[in-house]
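Below is one structure, written out as structure tokens; the observations come after it.
No hydrogens, no waters, no symmetry mates; every other heavy atom, side chains included, goes into these values. Since this is a predicted model, take the numbers as computed values, not measurements.
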Amino acid sequence: MDKTLHAAAKAALTHAYVKYSHFPVGAALKLKDGTIITGVNIENASFGLTNCAERTALFTAYAQGYRKDDIDAILITTKKDRIVSPCGACRQVMNELMPADAPVTMVDATGNHTTVKNAELLPLGFSEDDL
Ligand code: THU
């Protein structure tokens, strides 16, 4: 596991806006130029408008001008003692905005972790090729 990326995602947890779920999620994206961009979940009283940590990190990177090929890896962590994996909406966004072979590392609060390739998270996914 990338310790720098893990430390960044863990530090970001404190910035999560989780008024309703009280379930902070931190994500850290590593760009090929060495930049690390973090994201957290940002909730809303209209629950469906909540933005997950993974999407916050990816949208921030894109807003700064980075694109798919600039992305190296993503790491996601929570305060739970079990590994949490990205939700369906995030998988769809990750599928389009991150390279298929980018490693996605999921870390629990005790440091247990697992890594899969981005493409493994969304088999048979809908993509721009289907349009
Ligand atoms: N959440 C994330 O940030 N990422 C995920 O992949 C799963 C869920 C957030 C959304 C909501 O703020 C909270 O976790 C509980 O669902």
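Lys30 places no side-chain N or O within 3.5 Å of a backbone atom of Ile71 that could act as its donor or acceptor partner. A donor-acceptor distance shorter than 3.5 angstrom exists from the side chain of Ser127 to the backbone of Asp129, with no hydrogens or angles considered. Of the possible polar contacts, one joining the Thr60 side chain to the Thr56 backbone as a donor-acceptor pair under 3.5 Å is found.
The structure places SG of Cys52 at 11.0 Å from CZ of Arg91, a figure rounded to the nearest 0.5 Å. Atom CG of Asp2 is separated from atom OG1 of Thr4 by 5.0 Å, given to the nearest 0.5 angstrom.
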Side-chain polar contacts of residues 106-119 - donor-acceptor pairs under 3.5 angstrom, sequence neighbours left out - could you list them?
from	atom 1	to	atom 2	distance (Å)
Asp108	OD1	Thr110	N	2.8
Asp108	OD1	Thr110	OG1	2.8
Asp108	OD1	Gly111	N	3.0
Asp108	OD1	Asn112	N	3.0
Asp108	OD2	Thr110	OG1	3.4
Asp108	OD2	Asn112	ND2	3.4
Thr110	OG1	Asn112	ND2	3.4
Thr115	OG1	Thr105	OG1	2.9
Asn118	ND2	Met94	O	3.0
Asn118	ND2	Met98	O	3.4
Asn118	ND2	Pro99	O	3.2

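A donor atom on one side chain and an acceptor atom on the other are not found under 3.5 Å apart for Ser46 and Asn44.
Applying the side-chain contact (heavy atoms from CB on, under 4.5 Å) criterion to Ala28, with sequence neighbours excluded, gives Leu5, Ala8, Ala9, Ile36, Thr38. Every residue meeting the side chain to side chain donor-acceptor pair (under 3.5 Å) condition with Glu43, not counting sequence neighbours, appears here in chain and number order: Ser21. For the side chain to side chain donor-acceptor pair (under 3.5 Å) test, no residue two or more places apart in sequence or in another chain qualifies with Lys10. Taking the side chain to side chain donor-acceptor pair (under 3.5 Å) definition, one finds that Asp70 meets it with nothing, sequence neighbours left out. Considering only residues two or more places apart in sequence or on other chains, Asp72 meets the side chain to side chain donor-acceptor pair (under 3.5 Å) condition with none of them. Every residue two or more places apart in sequence or in another chain that forms a side-chain contact (heavy atoms from CB on, under 4.5 Å) with Leu97 is listed here: Leu58, Phe59, Tyr62, Val93.
In this structure, Phe126 shares a hydrophobic cluster with Leu131, the cluster being traced through Ile, Leu, Val, Met, Phe, Trp and Tyr side chains under 4.5 angstrom apart. Through side-chain heavy atoms spaced under 4.5 Å, either directly or across other Ile, Leu, Val, Met, Phe, Trp or Tyr residues, Tyr17 is tied to Val40, Ile42.
Counting only residues at least two apart or in different chains, ring-ring contact (aromatic ring centres under 6.0 Å, His included) contacts with residues 27-49 comprise Tyr20-Phe47. Pairs of residues two or more places apart, or lying in two chains, never qualify as salt bridge (Lys or Arg N to Asp or Glu O under 4.0 Å) while including a residue from residues 46-57. Within the structure, the ring-ring contact (aromatic ring centres under 6.0 Å, His included) test picks out no pair touching residues 63-100 (sequence neighbours left out).
By the neighbour-count criterion of 12 heavy atoms within 6.0 Å, atom NZ of Lys80 is sparsely surrounded, having that number or fewer from other residues, nucleotides or ligands.
For Ala57 against Ala27, the heavy-atom pair with the smallest separation is CB-CB, 4.3 Å.
Under the 4.5 Å side-chain criterion, counting only non-hydrogen atoms from C-beta, Leu121 is not in contact with Asn95. Side-chain contact check for Asp69 versus Arg67: every heavy-atom pair is 4.5 Å or farther apart. Side-chain contact check for Val25 versus Val84: every heavy-atom pair is 4.5 Å or farther apart.
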Applying side chain to side chain contact (heavy atoms under 4.5 Å, CB included) to Asn41 and Asn51, what does each step give before you reach the verdict? CA-CA 5 Å; Asn41 44 339; Asn51 207 66; over 6 Å; no
